[in-house]
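Down below is the structure, laid out as structure tokens.
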Amino acid sequence: MALRLTGQAINLTGLRYQPDLLPPSSSRFSKPPLTRPIKAIQSGGDEAASAGAASAVATPTRAPSLRRPHNVDGEFFVDTRCIDCDTCRWMAPQIFTRVEGMSAVSKQPTSSEERLNALQALLACPTSSIHTEKPTRDVLEAQKTFPLPIDDNKIPGIYHCGYHSEKSYGAASYLIIRPDGNIIVDSPRFTEKLARNIEALGGANYMFLTHMDDVADHEKWSKRLNCQRILHSGDVRVDTADVEIKLEGNGPWSLGEDVELIHVPGHTEDLVVSLPLISAPYPVDMRGILYYYLTLKLMNVTPVHNKQGSVCLFYKPHKILFAGDHLGMTEFGLSIFETYNRISVPMQLDSVKKLLKLNFQWILPGHGRRAEYKDSQEKDSALESFVQQKCSQYTT
């Protein structure tokens with residue numbers, strides 16, 4: 001393998017890794033599962049989802065054999081490929097619950113609203129693990145509901161895109177409708193049906209990517225909607241090298257008077273190494289780290305420093321923080337998802353402290369559940385209490 005010197009540094013991020021040399025799960029390296037390895041890739045595919053084909057719901061020739069025994073009897077069920085991303089449980093909590101590390105149907109829908117919620121969760125499931133016993137055309141009506149308004153009364157013009165992607169371990173993405181150009185926050189799974197629905201709402205000028213893990217089908221969306229992608233340079237990898245706007249430094253940055261981008265380092269990194277005989281740093285793309293590992297091991301490479309790139313989007317008109325994986329609500333309260341912290345939990349907590357300066361009342365995360373506070377004082381109290389508790393946990 002030839003390396004090209006640029007000045008005094010060899011930039012390994014420009015190299016392409018060879019997928020055939022990696023284990024099958026390597027494509028999901030950036031977002032490890034919450035409880036165990038992911039068992040299977042998404043079934044059905046984008047075409048099935050966008051066209052409302054039978055494979056987007058249940059296929060009697062395959063799905064019934066995968067039905068979890070923890071599901072109650074009836075039409076809807078979850079199969080054994082569930083990755084425990086929690087999506088269905090917060091989208092339709094009256095239908096889905098968590099049993100032994102996976103989701104399961106705890107109650108069959110008994111009203112048209114509950115049935116619609118269950119079908120919306122079916123479409124959003126990143127691994128197509130939710131099914132009906134027989135294909136149903138009702139799913140075509142559910143497709144029309146995405147992007148789904150989050151709360152038309154309190155935060156009009158803010159939508160949940162649905163169609164979560166296994167590439168980002170089921171992260172949620174959002175659409176902001178605004179006069180100066182609509183913004184998609186993080187990438188949903190690409191489907192033509194969703195693309196047409198977004199176009200009907202005015203399309204998108206930007207796709208803001210909060211961090212390296214939740215980029216999913218960003219390239220397909222950029223080409224389809226002709227939108228510019230935004231990502232911090234510290235989180236740029238081989239598969240995001242052509243992002244149009246790369247944020248540099250520590251910010252903050254603005255997208256007009258209504259949008260502020262807040263640098264919140266601590267969650268992600270671009271591992272940097274140094275060859276023993278040369279003092280210049282050498283960035284290594286995290287996506288290719290498994291491929292590079294043996295080479296770097298033989299070269300006696302030693303880590304020297306990191307670049308951090310996570311960024312939140314603060315939408316001022318509705319006082320919303322789009323937090324990516326920096327901060328979110330779980331069934332048990334606020335979380336910074338420190339299990340997946342790649343640099344420093346104290347550094348991430350310092351970034352949470354920065355949020356006390358912002359006047360927001362909503363947290364819309366990539367992973368985790370939404371949080372709404374009655375005012376900024378309640379938000380500050382919750383964050384201060386959370387940071388204090390976490391600091392005591394991680395301070396020796």
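Source: prediction; values computed, not measured. These numbers come from the heavy atoms of this one structure, side chains and all, not from hydrogens, waters or symmetry mates.
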| request: Considering only NZ, NE, NH1 and NH2 on the basic side and carboxylate oxygens on the acidic side, decide whether Glu257 and Lys316 come within less than 4.0 Å. | output: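 Between Lys316 and Glu257 there is no salt bridge, as every charged N stays at least 4.0 Å from the carboxylate O atoms.
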| query | Do the charged groups of Glu75 and Arg115 touch, with an N to O distance under 4.0 Å? | reply |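 Salt bridge between Glu75 and Arg115, a charged N being under 4.0 Å from a carboxylate O: yes.
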| request: Would you kindly confirm whether Val185 and Leu231 end up in one hydrophobic cluster when ILVMFWY residues are joined by side chain heavy atoms under 4.5 Å apart? | output: no
| Nearest 0.5 Å, what's the OG-CZ distance between Ser168 and Arg189? |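 Going from OG on Ser168 over to CZ on Arg189, the span is 10.0 Å.
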| query | Hey, what do you get for CZ (Phe314) to CD1 (Ile262), rounding to the nearest 0.5 Å? | reply |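 CD1 of Ile262 is found 7.5 Å from CZ of Phe314.
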Taking atom [atom1] as the centre, does [X] end up with more than 12 heavy-atom neighbours from other residues, nucleotides or ligands that are less than 6.0 angstrom away?
X: Glu244; atom1: CD; answer: yes
X: Asp242; atom1: CG; answer: yes
X: Lys354; atom1: NZ; answer: yes

| field | Six-ring centre of Phe146, Lys193 cation under 6.0 angstrom, axis tolerance 45° | value |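 Because its charged atom misses either the 6.0 Å distance or the 45° angle limit, Lys193 does not stack over Phe146.
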| Restricting to pairs with a member in residues 89-113, which pass ring pair (Phe, Tyr, Trp, His ring centres under 6.0 Å), not counting sequence neighbours? |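 Residue pairs passing ring pair (Phe, Tyr, Trp, His ring centres under 6.0 Å), neighbours aside: Trp90-His160.
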| task | Quick one: which residue pairs count as a ring pair (Phe, Tyr, Trp, His ring centres under 6.0 Å) with a foot in residues 224-244, not counting sequence neighbours? | result |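 Checked against ring pair (Phe, Tyr, Trp, His ring centres under 6.0 Å) - neighbours excluded - the pairs reaching residues 224-244 are His232-Trp253, His232-His263.
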| task | Show the numbers, then the answer: is there a side-chain hydrogen bond (donor to acceptor under 3.5 Å, both in side chains) between His367 and Asp325? | result | CA-CA 6 Å; His367 289 94; Asp325 285 0; 2.8 Å; yes
| Stepwise, does the side-chain hydrogen bond (donor to acceptor under 3.5 Å, both in side chains) test hold for Glu248 with Ser233? | CA-CA 6 Å; Glu248 301 285 349; Ser233 61; 3.0 Å; yes
| Which residue, Asp217, Asp213, Asp214, forms the salt bridge (Lys or Arg N to Asp or Glu O under 4.0 Å) with Lys167? |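 In the set Asp217, Asp213, Asp214, the residue that makes a salt bridge (Lys or Arg N to Asp or Glu O under 4.0 Å) with Lys167 is Asp217.
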| request: Start with the C-alpha gap between Asp84 and Arg89, add the side-chain angles, then the distance that decides, and say whether salt bridge (Lys or Arg N to Asp or Glu O under 4.0 Å) holds. | output: CA-CA 9 Å; Asp84 194 29; Arg89 302 196 295 268; 3.0 Å; yes
| Do you see a donor-acceptor pair shorter than 3.5 Å between the side chains of His164 and Thr87? |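 Side-chain D/A pair, His164 to Thr87: present.
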| message | I'd like to know if the side chain of Ser335 and the backbone of Met329 have a donor-acceptor N/O pair within less than 3.5 Å. | response |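 Here the side-chain-to-backbone pair does not exist.
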